[in-house]
Trainee: 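Below you will find the structure I want to go over with you.
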Amino acid sequence: MSGDRPSGKTARHGTAPDGAVPTATYRWQFHKGFGFRDAARLATYLADLGVSHCYASPYLKAHPGSTHGYDIVDHSCVNPEVGSEDERRKFVAALRRQGLSQIMDIVPNHMRVDDPDNRLWWDVLAHGRCSLFAHYFDIDWKTPERSYEDKLVIPILGGQYGEVLESGAMALDFDPGRGGFVVRYYDHILPISPKSYPQILAEVAQSIHLGAGDEALGQEISELIALFERTSVPADGSAPEEAARLIEEGARRLGAWVSGNARCAGALSQVLARYNAGAGAGAERYDALHGLLEQQAYRLTFWRVAGYEINYRRFFDINELAALRMEDPGVFATTHGLIGAWIASGDVAGLRVDHPDGLRDPREYFARLQDFACAARDGGARGVEASAGRVPFYLVVEKILGADESLPDDWPVSGTTGYDFLRLASGVLVSADGEAGVDAAYEAFMGARDDYASMLYECKGLIMHTSLGSEVHTLGIALDRIAERDRRTRDFTLSAQRTALFEIVACFPVYRTYVSAPGASSADRSIIEAACARAKERNPLVEVAAVDFIRDLLLLEGFESRTPEERVEILEFIAAFQQYTGPVMAKGLEDTLFYRYNRLVSLNEVGGDPSRFAVSLKAFHEANGTRLRERPTTMLATSTHDTKRSEDVRARLHVLSEIPEAWAACAQQLKEHHQSLKALGGLAPSVRDEYLFYQTLIGVWPFVRTPEMWADVRARLRDYMLKAAREAKCETSWVKPVCEYEDALIAFVDAVTDPEANARTLDALESFAAPVARAGLWTALSQLALKLLAPGVPDIYQGTELWDFSLVDPDNRRPVDYGERTRMLAEIARLDDADELARAHALAAWLANPEDGHVKMHTTRCLLRLRRTHPEICTRGSYEALYAEGERARHLICFARCHEDQAWLVVVPRHYWALTEGGRRLPTGSAVWGGTRVPVPASCAAWSWRHVLAPGVAGPGAVLSQRMLAAELLAEFPIAVLVGSPRGYEVRDVP
């Protein structure tokens, strides 16, 4: 181990001064039901648990009712549903009193736009390309093949435009609160352009029938009309800012005019009535409203149009979330001002960046963010450049890495939000020996073999044909414009180029690349060349020359020989292409394939690759070593607000890899027994959905099947299976729900889980699920230990310090019982002052009944406090892989971490089914471990050691041999974590 100690050189991506980097974080989801006051009351709890930082979900002002905060409408204030600014300050003060800091989640890629409180988008709707904020959003105003060029496509209608208009569902209205005219469509409110105001006001004037004594009223109307005409045609050369001031003045006067004069109000009502159901017969009654809508800067359309003709970039395929042009310095300044103020005041000590792959140039954004954050924190001083080998401000990014992918070296960030570690931890806890058996069980149940690569290709293709079709259409037009400029490529048809684009994106092996004007990195070059080669193989009809043309553009081949105008076009195309491949991968993989390919669903996780079954011990250790060298303060996660299943559900399902034959028999029995419960000729649910359902049922099986608990499980399963079926997009979908199938699926879930009608089958299933659940608890405990002790910064997702068997959102955002957690933590803490015998009795009781959660809370608390006591080991300590010897060696994951005169020895078991004889015994002692031995680094063998989790095993001052019996280290607790120092040095205690 001494040979692996740091040489004094800074890690490639080192961090700010000591103490600026978290030792551990605790994630809170802020929303209306959990606000600043709730969090402030729990600050002491977080400190007692042992974390250093609260890791807060976004809490800038979001759309009303948001449960996550990623749909921001105003960057200049806090979300009033979470609390006031005063309550936020009190929350921060409560953290400070406990010695805690805060990491804040920020959302630079997009905003919620179907909300009038989004003043930026509201202004764009009102003024179109003339808006002061038109450049804030990624909008393609040019629509040459359509008549509505220069209009925003707003796909909110429930049917065809004409039908909706003539149904009377749309109406012109006057909104006194906003002082202007709006069009309403159910909950949607859109502004009428000030350019249309003179027309409407003239009609109001005619309806008033001005006479003698109405001179003042007539003058006011005339002035208002003139004022709005000036804003429409700034003949006087006034700046946009002046036009905006005039509009604000006109809106104020108009509001006062209507509210202060009954005749005006009455005339206005008459005019509105004519627009909303005017004179004439049938459809002609709506000609006036149609004519008015045609004058607007937007075009209202059927929501299905979004997949093909929407002309603003979205967050994935969510029409309500429009992408921001964060590369614009003005947009950055507007959206980060309040965040900068909080950094300057010390309220925010680090940032988590949501969806960085949506940004035009993530590296450029991170560099700007580093400078901005450091200037705010340090009173104007610029941050240290990333090339200096240091990351001055703690910054983690939600980047989803492929299994063989790394963060670009030039990104000035501390690391990712931890999905890469989640994949690694899952892989090392799955039994590689069970892969063939799991494959056989899956194929037998399905009656066919799935080809993962082909399924991914098909799922991405489906997404491009449907919800993200408009983007590939726009890319094709941009590509065609570039091709037309060169005589060697001008004969490529638009169709050929779209087909080539489609195939390249469908074959893209990662979320995106990061090519910019300086060129393509070697990693990006390999990715692009692989995708293009695969595109040619996949589709024999694709035009090879068109693929090569796109490849050359993406790699900037011949770029220097292009004209300046052509270079701009090419870079714009590359940026749009790179912003497109990520959403296609996310929607195709995470939100489609992960609900279709159900071989072992514990591997179907964000950042995962379900086609790769297991990770070897060697690969696990190598990945930890690489992380320590390159990103030592990256985040480590096992549960997040976006995971498809909680860490404990996944750990339980990992156990199936240890007993594939038993699982195969169980699944077949369930299938045969429930065949009569299926509908639609035995086709509902599909075998694919049914196999997912049985794994999910085992994953959430309660420890005790009380009527209340079981009723809750049944309701959650109904909701989950409906969502899963729609995400899979096979028999039903969100876009085209198939009611007959969905009804049959829900009826099947109800029938299978009926505690009375299906009691015998449920009892039999419990005999299988209960021991799997017990073995899964130990697996989950090992997963927790690996996260808390491996190189990186571990994150605890809210509530998961106790067992948590949640599914995908919204299931994983249910309220957390902090009363129970606070009481249990206090109970465990009181044992710190108890004698050794009392602690041993308590530990034995917790292990005898691990279902009550004490073992997980105890492990979490001890290891978090260990990290807080030894921050140097966490950030600068070495990592040495250790390999056990003996009959149970393959069941142990061992490593040592050391920094100067302090060391950790970590022994974590895995594959508990055999160790515990199917959950019937504890994974401790000589009966389990026999003569298996754990090597202790020679340089540390004579040190003094103390067992952190079970002090009775090795008390302060204990000396280890160079080959310790695993049975001794794991005599009283399933996991061994020992802290050591040279004899004569103090073994630093855990507070």
Side-chain angles (χ1 to χ4, degrees), residues 13 24-25 396-407 414-432 434-435 509-511 589-590 594 600-640 642-655 657 779-797 800 863 874 879-883 890-897 906-911 975:
H13 295 277
T25 64
V396 291
V397 297
E398 190 211 19
K399 168 61 187 170
I400 310 300
L401 295 168
D404 301 314
E405 189 181 11
S406 301
L407 279 182
S414 302
T416 71
T417 53
Y419 289 115
D420 40 329
F421 176 80
L422 187 157
R423 178 183 63 242
L424 186 71
S426 288
V428 80
L429 293 173
V430 165
S431 175
E435 183 172 11
V510 296
Y511 282 70
L589 177 66
E590 298 172 29
F594 279 0
L600 183 64
V601 297
S602 58
L603 299 177
N604 294 15
E605 195 50 82
V606 180
D609 181 351
S611 68
R612 303 190 183 197
F613 195 75
V615 171
S616 69
L617 276 178
K618 180 181 179 183
F620 177 79
H621 288 309
E622 287 177 349
N624 283 337
T626 298
R627 189 184 320 111
L628 179 63
R629 290 192 302 275
E630 297 185 353
R631 305 277 182 179
T633 57
T634 189
M635 193 171 277
L636 310 179
T638 46
S639 280
T640 76
D642 276 339
T643 42
K644 304 298 183 184
R645 292 160 192 84
S646 69
E647 58 194 47
D648 297 330
V649 171
R650 288 198 314 275
R652 181 184 290 185
L653 292 177
H654 290 341
V655 176
S657 71
T779 303
L781 207 63
S782 290
Q783 179 178 244
L784 174 66
L786 293 177
K787 177 176 72 173
L788 295 180
L789 299 169
V793 176
D795 173 53
I796 308 297
Y797 180 65
T800 58
L863 299 186
C874 297
Y879 181 94
E880 181 176 351
L882 304 172
Y883 293 92
R890 69 183 184 89
H891 287 273
L892 290 176
I893 305 169
C894 309
F895 56 88
R897 302 199 63 187
V906 179
V907 180
V908 178
R910 62 175 182 162
H911 307 158
I975 295 163

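All residue numbers refer to positions in the sequence shown, counting from 1. The figures here come from the full heavy-atom set of this structure, side chains too, leaving out hydrogens, waters and symmetry mates.
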Trainee: Whether Lys787 and Glu647 form a salt bridge (side-chain N of Lys/Arg under 4.0 Å from carboxylate O of Asp/Glu) is what I want to check.
Mentor: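 Looking at Glu647 and Lys787, the cut-off is met.
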Trainee: Heavy atoms only: give me the nearest Ser426-Arg650 pair and the separation to one decimal.
Mentor: OG-NE, 3.8 Å
Trainee: Taking the side chain as every heavy atom from C-beta outward, state whether Arg612 and Asp404 have any atom pair closer than 4.5 Å.
Mentor: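 Yes, close enough: below the 4.5 Å cut-off.
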Trainee: Could you walk me through whether Thr416 and Leu407 pass the side chain to side chain contact (heavy atoms under 4.5 Å, CB included) check?
Mentor: CA-CA 8 Å; Thr416 71; Leu407 279 182; 3.7 Å; yes
Trainee: I'd like to know if the side chain of Tyr879 pairs up with that of His621 as donor and acceptor (distance under 3.5 Å, no hydrogens or angles considered).
Mentor: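 Judged by distance alone, the side chains do pair up.
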Trainee: How about Asp609 and Ser611: does a side-chain donor come under 3.5 Å of a side-chain acceptor?
Mentor: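 A donor-acceptor contact under 3.5 Å links the two side chains.
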Trainee: Might you work through the side chain to side chain contact (heavy atoms under 4.5 Å, CB included) test for Val649 and Leu653, ending with a clear yes or no?
Mentor: CA-CA 6 Å; Val649 171; Leu653 292 177; 4.1 Å; yes
Trainee: Do Thr640 and Tyr419 have side-chain N/O donor and acceptor atoms under 3.5 Å apart?
Mentor: yes
Trainee: So which heavy atom on Leu589 is nearest to which on Gly608, and how close?
Mentor: CD2-O, 4.4 Å
Trainee: Roughly how far, to the nearest 0.5 Å, is CG of Leu786 from CD1 of Ile893?
Mentor: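 Ile893 atom CD1 to Leu786 atom CG measures 4.5 Å (nearest 0.5 Å).
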Trainee: Side-chain contact, heavy-atom cut-off 4.5 Å: Thr638 with Leu784?
Mentor: no
Trainee: I need the minimum non-hydrogen distance between Ala637 and Leu422, along with the two atoms involved.
Mentor: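 Looks like O-CB, 3.4 Å.
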Trainee: Enumerate the residue pairs fulfilling salt bridge (Lys or Arg N to Asp or Glu O under 4.0 Å) with a member in residues 415-427, sequence neighbours excluded, ordered by first and then second residue.
Mentor: none
Trainee: Determine whether Val655 and His911 make a side-chain contact, defined as any pair of heavy atoms from C-beta on separated by less than 4.5 Å.
Mentor: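 SC-SC contact between Val655 and His911 ruled out.
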Trainee: May I ask you to test the Thr779-Asp648 pair for a side-chain heavy-atom distance under 4.5 Å?
Mentor: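 Side-chain contact under 4.5 Å: no.
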Trainee: Give a yes or no answer on whether the side chain of Glu405 reaches the backbone of Gly402 with a donor-acceptor pair at less than 3.5 Å.
Mentor: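 Yes, the answer is positive, given that a donor and an acceptor are paired below the 3.5 Å cut-off.
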Trainee: Checking side chain to side chain contact (heavy atoms under 4.5 Å, CB included) for the pair Ser657/Phe613: CA distance, chi angles, key distance, verdict?
Mentor: CA-CA 9 Å; Ser657 71; Phe613 195 75; 3.8 Å; yes
Trainee: Does a donor on one side chain and an acceptor on the other come within less than 3.5 Å for Ser602 and His654?
Mentor: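 On atom types as modelled, these side chains qualify, holding a pair under 3.5 Å.
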Trainee: Please examine the side chains of Pro794 and Phe421, heavy atoms only from C-beta on, and report whether any two atoms are closer than 4.5 Å.
Mentor: no
Trainee: Using atom types as modelled and distance alone, determine if a side-chain donor or acceptor of Ser782 lies under 3.5 Å from a backbone N or O of Pro909.
Mentor: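 Looks like yes, one N/O pair under 3.5 Å.
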Trainee: Give the minimum heavy-atom separation between Ile975 and Leu781, together with the two atoms involved.
Mentor: CD1-O, 3.4 Å
Trainee: Between Arg645 and Glu605, is there a side-chain N and carboxylate O pair less than 4.0 Å apart?
Mentor: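 Salt bridge flag = no for Glu605 with Arg645.
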Trainee: Residues in side chain to side chain contact (heavy atoms under 4.5 Å, CB included) with Val907, at least two apart?
Mentor: Leu892, Cys894, Val934, Leu969, Leu970, Ala976
Trainee: Lys618 versus Tyr883: any side-chain heavy-atom pair under 4.5 Å?
Mentor: yes
Trainee: Distance-only, no hydrogens or angles: does the Arg910 side chain make a donor-acceptor pair with backbone N or O of Arg890 under 3.5 Å?
Mentor: yes
Trainee: If only atom types and distance count, is the side chain of Thr800 paired as donor or acceptor with the main-chain N or O of Ile796 below 3.5 Å?
Mentor: no
Trainee: Does any non-hydrogen side-chain atom of Lys644 lie less than 4.5 Å from one of Asn604?
Mentor: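 A side-chain contact under 4.5 Å is absent here.
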Trainee: Considering only heavy atoms from C-beta outward, does the side chain of Val397 approach that of Thr417 to under 4.5 Å?
Mentor: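 Side-chain contact under 4.5 Å: no.
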Trainee: Write down the atom of Gln783, the atom of Leu429, and the distance for their closest heavy-atom approach.
Mentor: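 Smallest interatomic distance, heavy atoms only, reads CB-CD1, 3.6 Å.
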Trainee: I need the minimum non-hydrogen distance between Leu628 and Pro632, along with the two atoms involved.
Mentor: O-CB, 3.5 Å
Trainee: Would you sort out whether Phe895 and Arg897 count as a side chain to side chain contact (heavy atoms under 4.5 Å, CB included), showing the intermediate values?
Mentor: CA-CA 7 Å; Phe895 56 88; Arg897 302 199 63 187; 4.0 Å; yes
